[in-house]
Amino acid sequence: MCFCRCSSMIYEFDFNFDSLYIVVQIHPQMKSISNYKAKFIPGITAVTVQSLLHIHHQAPANPFRSTLPITQLDDFTAACYRRDLPAAMKALSFMQKHQIWADSVTYSELIKCCLARGAVQEGKLVHKHVFSAGYQPKTFLINTLINMYVKFNLLDEARALFDQMPERNVVSWTTMIAAFCNAGMKHEALKFLIFMLRNGVRPNMFTYSSVLQACSGLPSLKQIHCSITKAGLDSDVFVRSALIDNYSKWGELPNALTVFNEMETRDLIVWNSVIGAFAQNSDGDEALNLFKHMKRCRFLADQATLTSVLRACTGLALLELGRQVHVHVLKYNRDLILSNALLDMYCKCGSMEDARFEFTRMMHKDVISWSTMIIGLAQNGFSHEAIEMFQVMTSSGTKPNYITILGVLFACSHAGLVDKGWSYFQSMEKDFGVKPGREHYGCMVDLLGRAGKLNEAVELIHNMEAEPDAVTWRTLLGACRIHRNMDLAAYAAKRVLDLDPDDAGTYTLLSNIYVNTSRWEDAEQVRKVMKDNNVRKEPGCSWIEVDKQIHAFVLRDSSHPNIDEITRKLIQYVQRLREVGYVPDTSFVLHDVEGEQMEDPLLYHSEKLAIVYGLMALTKGKTVRIRKNLRICGDCHLFAKLLAQMEDRNIVIRDPIRYHHFQGGVCSCGDYW
DNA sequence: CTAGGGTTAG
């Protein structure tokens, strides 16, 4: 018990320095407050009591207003709680001069106020004030200051403050860990977790939900999940959504789903996490199912939900559903991320009219909006418009980035604009500050290669700054196939296999090249290596939707009920198309050197089986939708086009969208494009 | 009483 005399009034205190709590009991004359709890600062004075009373609006008409310091502290406290920053700062400078201190809570209110207004200078003044001689800020207050610096993006200041703290609690550590995560400094974040454990501070759910961000892409996820479970912290929704998101980044959707399913109570963000997980891992169907489930549970979709739903539509090329989502997007039409997702949906679904309309309507556009349009135009065959769009973009003052320029180079490649592409490539670093990366080189190899300038393409690879990878060489290999340059193709194929020894398609191609050039021994050698390495060609698989039923065709798989009829039809169609000059490209099939069993190579083409089945269904008046139609090779596309022409059924076959267009790739039938 | 989770272009 302690007494404090202030003029004629006597206050009694119960205080406890350790817990920093103080129980104030007012003299019987002021019995309105009893057992009143508040923060306490050492060196208690009448002023403190006064401010405590004031904070809780129970100050009686008091006898202290006459003395200047008390009035100032009063003003300060009141201003902090009113969130009146200028008044608070004015009072603060006075207090600084007269060595008067307020309590931690009041300071933390002031810091909140600085944060809300982005007042960095004022925040720094508060920092200086509470660290000036005569006052010892408590851990709580320093935590608040550290958080302020973190939110102002002043990591160095935050770090310095953290380093000089006499004591650090779980909040101090968590604040720093979260800061590192936000800045993308994963390793620092994990290092701090380890230091924290060494210092004997136990992480809580706040810590883990941050730490999990730092683990994305690191193999320690399982360990962390275990510690969370052991510590009994896995019932927290924040931790759960972070876990879901993490498993999603590893592509471990079953684990993500388990974490989700085990939850008793869910909130919107957890729903968004799990829907996003499936949408991002190109399982649009499951994402949409979850979305339906979410609506049945009476949750209302927000921007993040709709963004993921749009992404699911994009992956499935579900233009109609995308349009329906668009209606809901209208209510958030100022959300840039959502608008960009909508743009991309229209582009990827091939509706450039809608995309252009949306783009024009958008009030704010960022580099992603522009890039989406440039890439969308280029993918849909409007290469020149894409390049014009890029010029409008740069003159409108938006700085292009790595991806934008990839899109522009792709547009040039698609349109065969060798010189233009080359000049963009050469000046990109000077003009836009983007250093050409491996993928830009890959685009140029594609551009030169498609244009038949194979030697220049090789030379470019040899002069690359970054090391060429398997994709780079595969791009060259694709170009060699187009231009039938066997020698260079063999060279490129070997480079691919050096870097990616499991690439079955490339073995096949290399072996075929040797067969075609009568180098039987080399061909045999390739087949042997393939066998020794136990490399198997992944069976291609194609889907087609007929009357809302999905029909899958897998290589050598005869489980489809109509497979015999479809096969007969395919052979028939190919025969008829051959008569009009179609030469099927069968270089993807592994030739048998001994020539023992030469099956019709066309039957290996699951894509063609799907196309034929679709056509048969159309003839019967059914509704056919081609799904996963974004990766179709040149031969299958040609086949479909000729078939449509021949049948004259008014079928429109769109030019294929080269989905993984910046790199050499393989279509689902195993062919290069 | 300070600290934590989900959303867009390749």
Side-chain angles (χ1 to χ4, degrees), chain A residues 20-21 37-39 103-109 111-112 115 138-148 150-151 169-179 181-182 203-213 233 236-246 248 267-277 279-280 301-311 314 332 335-345 347-348 365-376 378-379 400-410 437 439-440 442-443 658-663:
Chain A
L20 301 180
Y21 278 95
K37 272 188 166 182
K39 282 289 142 6
D103 63 307
S104 302
V105 183
T106 311
Y107 287 129
S108 83
E109 287 299 321
I111 293 165
K112 266 187 217 161
L115 259 176
K138 287 294 159 194
T139 309
F140 158 70
L141 183 52
I142 306 179
N143 287 344
T144 311
L145 278 169
I146 292 177
N147 180 51
M148 177 190 79
V150 168
K151 296 285 144 66
N169 62 17
V170 61
V171 178
S172 329
W173 288 100
T174 303
T175 308
M176 288 312 291
I177 290 173
C181 288
N182 270 323
N204 62 14
M205 51 260 230
F206 285 81
T207 323
Y208 278 122
S209 51
S210 285
V211 162
L212 279 168
Q213 269 198 60
L233 297 172
D236 189 72
V237 270
F238 283 69
V239 171
R240 289 263 171 175
S241 55
L243 276 171
I244 292 170
D245 191 50
N246 246 282
S248 150
D267 67 0
L268 180 60
I269 293 188
V270 184
W271 277 106
N272 287 347
S273 305
V274 76
I275 293 172
Q280 282 159 13
D302 73 350
Q303 295 99 304
T305 326
L306 293 177
T307 306
S308 289
V309 171
L310 278 176
R311 182 155 169 169
T314 307
Y332 302 108
D335 188 291
L336 194 53
I337 297 179
L338 185 53
S339 304
N340 288 343
L342 186 67
L343 265 191
D344 190 46
M345 185 276 294
C347 288
K348 292 287 168 16
K365 304 174 175 82
D366 66 355
V367 62
I368 295 187
S369 329
W370 288 98
S371 308
T372 306
M373 277 311 279
I374 291 168
I375 291 160
Q379 282 179 327
N401 64 16
Y402 192 96
I403 295 170
T404 323
I405 297 179
L406 271 182
V408 175
L409 294 181
F410 171 68
E439 291 156 300
H440 295 108
C443 246
R658 288 205 278 154
Y659 202 44
H660 300 113
H661 53 274
F662 297 147
Q663 12 183 289

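Each chain gets a letter, A, B and so on, in the order its sequence line appears, and its residues count up from 1.
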Report the residues that fulfil ring-ring contact (aromatic ring centres under 6.0 Å, His included) with A:Tyr332, sequence neighbours left out, ordered by chain and then residue number.
none
Just jot down the ring-ring contact (aromatic ring centres under 6.0 Å, His included) partners of A:Trp173, sequence neighbours excluded, or say none.
A:Phe162, A:Phe192
Look at the side chain of A:Phe238 and decide which nucleotide, out of B:dG10, B:dG4, B:dA3, has an atom nearest to it.
B:dG4
Listed nucleotide nearest any side-chain atom of A:Val170, set B:dG5, B:dA3, B:dT8:
B:dA3
So A:Val270, base contact, sugar-phosphate only, or nothing? Heavy-atom distance under 4.0 Å.
base
Where do A:Asn147 and A:Thr144 land on the side-chain hydrogen bond (donor to acceptor under 3.5 Å, both in side chains) test, with the steps shown first?
CA-CA 5 Å; A:Asn147 180 51; A:Thr144 311; over 6 Å; no
What is the nucleic acid contact for A:Ser273, judged by heavy atoms within less than 4.0 Å: base, sugar-phosphate only, or nothing?
sugar-phosphate
Where the side chain of A:Phe206 is concerned, which of B:dG10, B:dT8, B:dG4 is the nearest nucleotide?
B:dG4
By the 4.0 Å heavy-atom rule, please label A:Ser108 as base, sugar-phosphate, or nothing.
nothing
Take the protein atom CG of A:Leu343 and the nucleotide atom P of B:dG10, then report the distance between them rounded to whole Å.
12 Å
Apply side-chain contact (heavy atoms from CB on, under 4.5 Å) to residues A:Gln303 and A:Ile337 and explain how you reach the verdict.
CA-CA 8 Å; A:Gln303 295 99 304; A:Ile337 297 179; over 6 Å; no
Students often get this wrong, so: under 4.0 angstrom with heavy atoms, is A:Lys365 touching a base, only sugar-phosphate, or nothing?
nothing
Which whole-number value in Å describes the distance from A:Leu233 CG to B:dG4 C1'?
12 Å
Considering only heavy atoms and no angle criterion, is a donor-acceptor pair shorter than 3.5 Å present between the side chain of A:Asp267 and the base of B:dG5?
yes
Does A:Gln303 make a side-chain N or O approach to OP1 or OP2 of B:dT8 shorter than 4.0 Å?
no
Considering just the side-chain nitrogens and oxygens of A:Gln379, establish if one lies under 4.0 Å of OP1 or OP2 belonging to B:dA9.
no
Spatial distance of atom NZ (A:Lys348) from atom CG (A:Leu343) [nearest 0.5 Å]:
10.5 Å
What is the distance, to the nearest angstrom, from the CD1 atom on A:Ile142 to the P atom on B:dC1?
19 Å
Indicate, with a heavy-atom threshold strictly under 4.0 Å, whether A:Glu109 touches base, sugar-phosphate, or nothing.
nothing
Pick base, sugar-phosphate or nothing for A:Val239, based on heavy-atom distances below 4.0 Å to the nucleic acid.
base
Nucleotide of B:dT8, B:dT2, B:dA3 approaching A:Asn340 most closely (side-chain heavy atoms):
B:dT8
Using a heavy-atom cut-off of under 4.0 Å over every strand shown, decide if A:Val237 touches base, sugar-phosphate, or nothing.
base
What is the distance, rounded to the nearest whole Å, between atom CD1 of A:Ile368 and atom P of B:dG10?
10 Å
Indicate whether OP1 or OP2 belonging to B:dG4 is found under 4.0 Å from a side-chain N or O atom of A:Gln213.
no
Looking only at side-chain atoms of A:Met205, point me to the closest of B:dG4, B:dT2, B:dA9.
B:dG4
Contact class for A:Thr174 (heavy atom, under 4.0 Å): base, sugar-phosphate, or nothing?
base
With a 3.5 Å cut-off and just heavy-atom distances, do the side chain of A:Ser210 and the base of B:dG4 make a donor-acceptor pair?
no
Tell me what A:Tyr402 touches on the nucleic acid: a base, only sugar-phosphate, or nothing, going by heavy atoms under 4.0 Å.
base
A:Asn169 near the nucleic acid: base, sugar-phosphate alone, or nothing, with a heavy-atom cut-off under 4.0 Å?
nothing
A:Asn147 atom CG is separated from B:dC1 atom P, nearest whole Å, by 16 Å
Any N or O donor-acceptor pair under 3.5 Å from the base of B:dG4 to the side chain of A:Ser209?
yes
Could you give the NZ-to-P distance, from A:Lys112 to B:dC1, as a whole number of Å?
7 Å
Rounded distance (Å) that lies between atom P of B:dG5 and atom CH2 of A:Trp271:
22 Å
Which nucleotide in B:dG4, B:dG5, B:dA9 has an atom nearest any side-chain atom of A:Asn401
B:dA9
Heavy-atom nearest pair, A:Ser209 first then A:Ala242, reads O-CB, 3.9 Å
A:Arg311 side chain N/O closer than 4.0 Å to the phosphate oxygens (OP1, OP2) of B:dT8?
yes
Less than 4.5 Å apart, side chain to side chain, heavy atoms only: is that true for A:Leu336 and A:Ser369?
yes
Would you mind telling me which of B:dG10, B:dA3, B:dT2 lies closest to the side-chain atoms of A:Lys151?
B:dA3
Using a cut-off of 4.0 Å on non-hydrogen atoms, how would the nucleic acid contact of A:Ser241 be classed: base, sugar-phosphate, or nothing?
base
Side chain of A:Ile269 (C-beta onward), nearest among B:dT2, B:dG4, B:dG5
B:dG5
If you measure from CG on A:Leu306 to CG on A:Leu342, what distance do you get to the nearest 0.5 Å?
10.0 Å
Please give, in whole Å, the distance from B:dA3 C1' to A:Ile177 CD1?
10 Å
Suppose we call a contact any N or O donor and acceptor under 3.5 Å apart; does that hold for the side chain of A:Thr307 and the base of B:dT7?
yes
